[in-house]
Structure formats: C-alpha cells, structure tokens
> 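Mind looking over this structure? Questions follow.
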Amino acid sequence: MIKKNVFDILDERGYIEQMTHPDEIKELFEKQSVPFYIGIDPTADSLHVGHFVSLMVASHMQKCGHKPIILVGGGTATIGDPSGKTDMRKMMTREMINHNVECIKKQVEKFVSFDGENAAIIVNNSDWLLDLKFIDFMREIGTLFSVNKMLSADCYKNRLDTGLTFFEMSYMLMQSYDFLHLYETYGCKLEMGGNDQWSNIIGGVDLIRKVGKSDSYGLTFKLLTTKEGKKMGKTEKGALWLDSTKTSPYEFYQYWRNIEDESVDTVLKLLTFLPIETINSLSSLKDEKINDAKKVAAFEITKLVHGEEEAIKAQEAANALFTGSGNLDNMPTVDLGDNKFVSIIDAIILAGIAPSKGQARTLVAQGGISLNDEKIADSAYMLSEKDFENGYAIIKKGKKVFFKLV
RNA sequence: GGGUAGGUGGCCGAGUGGCUAAAGGCGGCAGACUGUAAAUCUGUUCUCAUUUGAGUACGAUGGUUCGAAUCCAUCUCUGCCCA
C-alpha cells in the first residue's frame, strides 16, 4: 500500500519550506499511512491559485498512501485569519460560507479521491467550533497559550501598529484547536499549509504536545511567488480562479504560458505531475527555447484544473492566434447578436475588453486595438459587413487578448 | 473613561479656501524593444460626451462662503499615550 516515501517526492520537487520535526516526519511516512490535514478558508465560492499548491501536496500524499483530511474553515471564516492581512476581513454570513463550502468541495475532488482505502474526507470546523462554550474553551485551551509568545509571531507583530482585535487574535487558538480535534477524532498527525500558516501550525503542534501527546507534526510548503516576491496568480481581474466561469481555461492557460522565465522550473515542479527528469530537461532550456517549457507547463497545469479537453482547446486557440496554425473555434467568443455593426468603441465594451468608453478610446488612441490584424487608429470606426467576411471578426487588445466577434 | 493624532483615487502618500479630478510612488493597461519572458524607456490610468465640456469624488451628515479635500458643528471609525 505504501509506495515511495512521499517525503522524498515533496523534497525533490521543492514543496517543503519548513518542518517541525524533519526526521520524525520522514520516519512516520515510512512506516504508516498518515492522516494529515490541510485547511482551506471558504472566503470565496472558488479556490484560486493560492490553494493550488496545497491541493497538489494533498494529491501527492494520497498517491503515496496517506489519508487527506480537507478541513474547510466554515467556523474560522467567520473571523478571518489576520496573517498577511493589513485590515480585518469583512465578516461573512453563514449562508455565504455554506455556499462556498459546497463549491469548494467540487474543486477539491479533482485533486484527491474520496474513494478507496485511504479515501480523503472533508470536514468543516463549524461542526465543532460553533458549539464551543467560551468559558470552557478558555479554561481548557486558552490557558495553554502564551500571549507573549503569540505576539512574537510575525503574523501578529506586523499588525501591532495597525491594530489587531482580540477577535482576530483568537484565530490561532481556533486553528490549533482544529488540529487537536482532528488528532483526537481521526488520528490526524500532521498539519500542512502554506508558509504563511507556519505560526498557526506550530500553535496546533504545541497545543497537542501540551495536552500530553508527542506525535503531532507540522509542515509548510513554498508559496508561489514571482521573483520579486509577489504572490503569483494575480491578474488584472484579481485572483486567478480555478473555476472556469470565473477564469476561463483560455485565460488560465495564458497566465502560465506567460510566466517569467525564472518561475518555469518552480511551476513545473509544484503544479504538475511530470516526472522530475522531464522537468529538469525542460527547465534547462535557455533563452527563446524556454518557451517550449512554458507551453508544456501551461498545458499540463490547465489539464489538471480543467481537464484535458479544455486544455487542448486552450492550446489550439493560443496556437491559432500566435502561430497562425490551429483552430479558431476555441477562441473566446462574443456574440453580438443583431448589433454587429457598432462602433469600434462599443465593440470593445461589448467584448469586455475595457470597462469604460474612456479606456476604450485610450486603447484605440494608443494603437492597442486591432481588428482582423489591422490596427484601428480611428475611434469613430464603425464595424461593417466586410469586417465579418469569414463570418466573424477578431478583435485584439495588445498582443495577447483576443476575442472573436460573431 | 481622559488626552492626542488621524481617516484622500486599487494600494501607499502629498495637499490646509479658488490655478485641485487632486503632486509623487506602487500596481494596472497600451506602445517601443523582444521570445506571448524579464529588465528598460514612453504614454496612459474616476464616469459620460470629446473641440472647448459636464457629472460624481477626498470617513458620514449638516453648516459658513461667490467658492471647501481644505474652515465650523455633530456623528462615526482607527492609531498612540494615560487609566
């Protein structure tokens, strides 16, 4: 049942950032199927790239025989984790959270299996957090936390000058309690999360040790960042979502196709299941050739999230636009209905290329818009029959944003 | 509870009665250069109409004034200090 030690896989691919007990963790993976947990905050109705690495790790772990517990933070989301935030989050209603939990479940299913011997399970911490009695909780758990220690954690230190409420500070207690609960209920021995979760994770590990158990561990993985250290996955529209209605497979594909050279290796290792040898040879490509590696990365990553069919479509659309070969059918398409013969400005708005007419004009004035590969410099230009000669017109913003108008 | 400093465009941050749709930076978008990369340089970045123009906007509400982001009042939120 247990195959290769997943520790080596995670290590080799560079997932691991910090660990509480490296030797013990490795040994544990070796000798048994380890129930481990990864937490996800249901703050939106879709996961985004920030969760991607977690899901990949969960998948690797499960393939090596360990049991994933996906914890959805329905209870903690009512507070909001202060880590990395400059302001307190908006509080969410329970209805919103429940809706989000449902949506997230569907996406998680693409990465871990809920069948078989080491089937994954999904739990929601609202099931145990919402019924807690304040005094009992404080007597039992609150006494085991040192405020001095908590204040020295980065996630709180940074907030000291901008303000931090007690409400938010108790987030660490709850997340730690989650781990304790899962430890007791499912024998969960390991909490994993992004590196920004480090202080919350060691909080849980410490808590379990304080109640007298010594076999709890924590591990964090690398956050996806650009070489300037910014979080990866931000686009002009906000986050890069895993839900195809929020971020189309084509956009998703293009995001990875356009990543900076320096990130290719990381992205291939962290976000695909390609064998390490393949990745090494791909990312050793230099200069212009690195584009081949980016194509592979974009395809593989899109395939994981949206399935092979969508990945092929995205790839074909990209080929059609950038190399002239391939299939135009899969390009993002906007149906203008009966209003085909509108001004170029209106067409830009209708296609969703720019949000306002002013911006549309700026684009045209700066030479950023072309129609069927001809630059349109006149903002009064009206679309006409000849623009739809092939039954469609291709409108292009800059070099990379295309829409087919029909 | 007392004192004090504040709340400005996606973010940071100037601005203390008219020349302010509001400096500068970051971020975004486009152009040039390229490899659908990075770096760099240039332009642009509230909305509507574009020729000048109009509307909305500086925590909220009311007021003073020919005129307010700027002055006054009340409210509200936040930091810091004291208790």
Side-chain angles (χ1 to χ4, degrees), chain A residues 82 84-91 156-168 225-240 248-268 282-299 301-302 314-326 331-332 343-346 348-349 351-371 373-381 394-403:
Chain A
K85 301 291 184 309
T86 48
D87 293 305
M88 194 162 126
R89 266 188 213 165
K90 305 266 181 302
M91 288 203 223
Y156 293 121
K157 227 190 300 184
N158 300 336
R159 289 291 302 275
L160 249 33
D161 45 354
T162 53
L164 176 69
T165 63
F166 183 75
F167 188 57
E168 290 171 282
T225 54
T226 63
K227 74 174 190 221
E228 280 102 20
K230 287 175 209 137
K231 271 193 188 172
M232 210 181 263
K234 294 278 181 202
T235 69
E236 68 273 26
K237 289 177 190 158
L240 193 70
S248 72
Y250 176 76
E251 277 178 88
F252 191 82
Y253 177 93
Q254 280 299 319
Y255 181 85
W256 302 109
R257 177 63 186 80
N258 285 315
I259 53 170
E260 55 193 3
D261 292 0
E262 290 80 355
S263 300
V264 172
D265 184 58
T266 314
V267 158
L268 281 167
L282 280 170
S283 51
S284 64
L285 295 170
K286 291 277 180 291
D287 302 323
E288 200 176 333
K289 293 209 174 61
I290 193 82
N291 281 320
D292 292 336
K294 290 185 190 178
K295 281 178 196 161
V296 175
F299 180 77
I301 295 170
T302 309
Q315 193 178 42
E316 282 181 353
N319 284 341
L321 292 164
F322 291 103
T323 66
S325 65
M331 196 186 307
S343 72
I344 188 75
I345 299 294
D346 287 332
I348 290 168
I349 302 289
I353 288 173
S356 75
K357 289 190 177 183
Q359 289 182 36
R361 282 201 188 86
T362 309
L363 277 169
V364 173
Q366 297 192 330
I369 295 293
S370 57
L371 193 65
D373 272 331
E374 286 193 34
K375 274 200 178 171
I376 304 293
D378 176 13
S379 60
Y381 184 87
I394 293 173
I395 190 166
K396 180 168 134 186
K397 178 186 87 161
K399 295 185 186 83
K400 297 172 203 163
V401 182
F402 299 79
F403 285 94

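Just so we're on the same page: letters track the sequence lines, and every chain starts at 1.
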> Suppose you measure atom P in B/G15 against the same atom in B/C71; what distance do you get, rounded to whole Å?
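So the two P atoms sit 13 Å from each other.
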> Could you tell me how far apart A/Q254 (CD) and B/A37 (C1') are, to the nearest whole angstrom?
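Rounding to the nearest Å, CD of A/Q254 and C1' of B/A37 are 13 Å apart.
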> Report each atom pair, protein N/O against N/O of nucleotides 32-34 of chain B, whose distance is under 3.5 angstrom.
from	atom 1	to	atom 2	distance (Å)
B/U34	O4	A/K399	NZ	3.2

> How long is the line joining CG of A/L285 and P of B/G35, in whole Å?
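In whole Å, B/G35 P and A/L285 CG are 16 Å from each other.
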> Rounded to whole angstrom, note down the P distance from B/G2 over to B/U74.
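Their P atoms lie roughly 14 Å apart.
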> Taking A/D261 first and then A/K294, would you say they form a salt bridge - that is, a charged N and a carboxylate O separated by under 4.0 Å?
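Looking at A/K294 together with A/D261, the answer is yes, because their closest N to O distance falls below 4.0 Å.
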> Under a 3.5 Å cut-off for both distances, is B/A39 Watson-Crick or wobble paired, and to whom?
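Its partner is none (no Watson-Crick or G-U wobble pair with both distances under 3.5 Å).
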> So which atom in A/V364 and which in A/I376 form the shortest heavy-atom distance, rounded to 0.1 Å?
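Closest heavy-atom pair between A/V364 and A/I376: CG1-O, 3.4 Å.
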> How far does the C1' atom of B/U52 sit from the matching atom of B/A14, given to the nearest Å?
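It comes out at 30 Å once rounded to the nearest Å.
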> Nearest heavy atom decides the nucleotide; on that basis, is A/G398 or A/E288 closer to the 5' end of RNA chain B?
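Residue closer to the 5' terminus by nearest nucleotide: A/G398.
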> Across the strands shown, which category fits A/I369 at heavy-atom distances under 4.0 angstrom: base, sugar-phosphate, nothing?
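Counting heavy atoms under 4.0 Å across all strands, no contact is made by A/I369.
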> A/A360 and A/I349: which non-hydrogen atoms are nearest, and at how many Å?
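Looks like CB-CD1, 4.4 Å.
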> Whole angstroms only, please: what is the CG-P distance between A/D346 and B/C48?
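That distance rounds to 11 Å.
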> Tell me the partner of B/U78, counting only Watson-Crick (N1-N3 plus N6-O4 or O6-N4) or G-U wobble (N1-O2 and O6-N3) with both under 3.5 Å; none if nothing fits.
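The base-pairing partner of B/U78, which may sit in any strand shown, is B/A5.
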> Establish, from distance only, whether the side-chain atoms of A/S263 and A/E260 form a donor-acceptor pair under 3.5 Å.
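A pair is found: one side chain offers a donor N or O, the other an acceptor, under 3.5 Å apart.
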> Taking the P atom in each of B/U64 and B/G13, what is the distance between them to the nearest angstrom?
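Comparing P positions in B/U64 and B/G13 gives a spacing of 34 Å.
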> Taking side chain as C-beta onward, heavy atoms only, is A/F402 less than 4.5 Å from A/K397?
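The answer is no; the side chains never approach within 4.5 Å.
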> Taking all heavy atoms of A/W256 and all of A/A298, pick out the closest pair and write down the distance.
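Result for this residue pair: CB-CA, 3.7 Å.
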> Kindly say whether the aromatic ring centers of A/F403 and A/Y250 come within a distance under 6.0 Å.
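No, they do not, as the ring centres are separated by 6.0 Å or more.
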> For nucleotides 77-83 of chain B, tabulate all protein N/O to nucleotide N/O atom pairs closer than 3.5 Å, reporting atom names and distance.
from	atom 1	to	atom 2	distance (Å)
B/C80	OP1	A/L160	O	3.1

> Can you tell me if the side-chain N/O atoms of A/T362 get under 4.0 Å from OP1 or OP2 in B/G43?
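No, A/T362 has no side-chain N/O under 4.0 Å of OP1/OP2 on B/G43.
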> Does A/K294 make a side-chain N or O approach to OP1 or OP2 of B/A37 shorter than 4.0 Å?
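The answer is no; no side-chain N or O of A/K294 sits under 4.0 Å from OP1 or OP2.
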> Would you name the heavy atoms of A/I345 and A/S379 that are closest together and state the gap between them?
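That would be CG1-O, 3.3 Å.
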> Quick one: A/K289 NZ to B/A37 P, roughly how many Å, whole number?
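Computing the A/K289:NZ to B/A37:P distance gives 18 Å.
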> What does A/A318 touch in the nucleic acid at a heavy-atom separation under 4.0 angstrom: a base, only the sugar-phosphate, or nothing?
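A/A318: base contact, heavy atoms under 4.0 Å.
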> Separation of A/E260 atom CD from B/A37 atom C1', in whole Å?
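From A/E260 CD to B/A37 C1': 8 Å.
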> Tell me which of A/K357 and A/Q366 sits closer to the 5' end of RNA chain B, going by the nucleotide each one is nearest to.
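It is A/Q366, whose closest nucleotide lies nearer the 5' terminus.
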> From the options B/C48, B/C29, B/A49, select the nucleotide whose nearest atom is closest to the side chain of A/L363.
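Looking only at side-chain atoms, A/L363 lies closest to B/C29.
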> For A/Q359, which contact category applies under a 4.0 Å heavy-atom criterion: base, sugar-phosphate, or nothing?
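If one applies the 4.0 Å heavy-atom cut-off, A/Q359 turns out to touch the sugar-phosphate alone, with no base involved.
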> If we ignore angles and hydrogens, is there a donor and acceptor under 3.5 Å between the side chains of A/D346 and A/S343?
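Their side chains do contain a donor-acceptor pair, which is all the 3.5 Å distance test asks for.
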> Does a side-chain N or O from A/R257 land closer than 4.0 Å to OP1 or OP2 of B/G35, or not?
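Checking A/R257 against B/G35: no side-chain N or O falls below 4.0 Å of OP1 or OP2.
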> Roughly how far apart, to the nearest Å, are B/A38 and B/A32 at atom P?
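B/A38 and B/A32 have their P atoms separated by 15 Å.
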> With A/Y381, which residues qualify under ring pair (Phe, Tyr, Trp, His ring centres under 6.0 Å), at least two apart?
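None.
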> Give the rounded distance in Å between these two atoms: CG of A/L282 and P of B/A37.
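Whole-Å distance recorded here is 19 Å.
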> Between A/I353 (CD1) and B/A30 (P), how many Å, whole number?
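Going from A/I353 (CD1) to B/A30 (P), I get 11 Å.
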> Could you tell me the separation between the CD1 atom of A/I376 and the P atom of B/G31, rounded to a whole number of Å?
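In whole Å, B/G31 P lies 14 Å from A/I376 CD1.
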> Do the side chains of A/D373 and A/K396 get nearer than 4.5 Å, heavy atoms only?
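Yes. Closest side-chain heavy atoms under 4.5 Å.
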> What integer number of Å spans the P atoms of B/C75 and B/G25?
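Between the two P atoms, the distance is 40 Å.
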> Sticking with atom C1', work out how far B/U76 lies from B/G59, rounded to a whole angstrom.
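Here B/U76 and B/G59 have their C1' atoms 8 Å from each other.
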> On a whole-Å scale, what distance lies between the C1' atoms belonging to B/A39 and B/A57?
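It works out to 37 Å between them.
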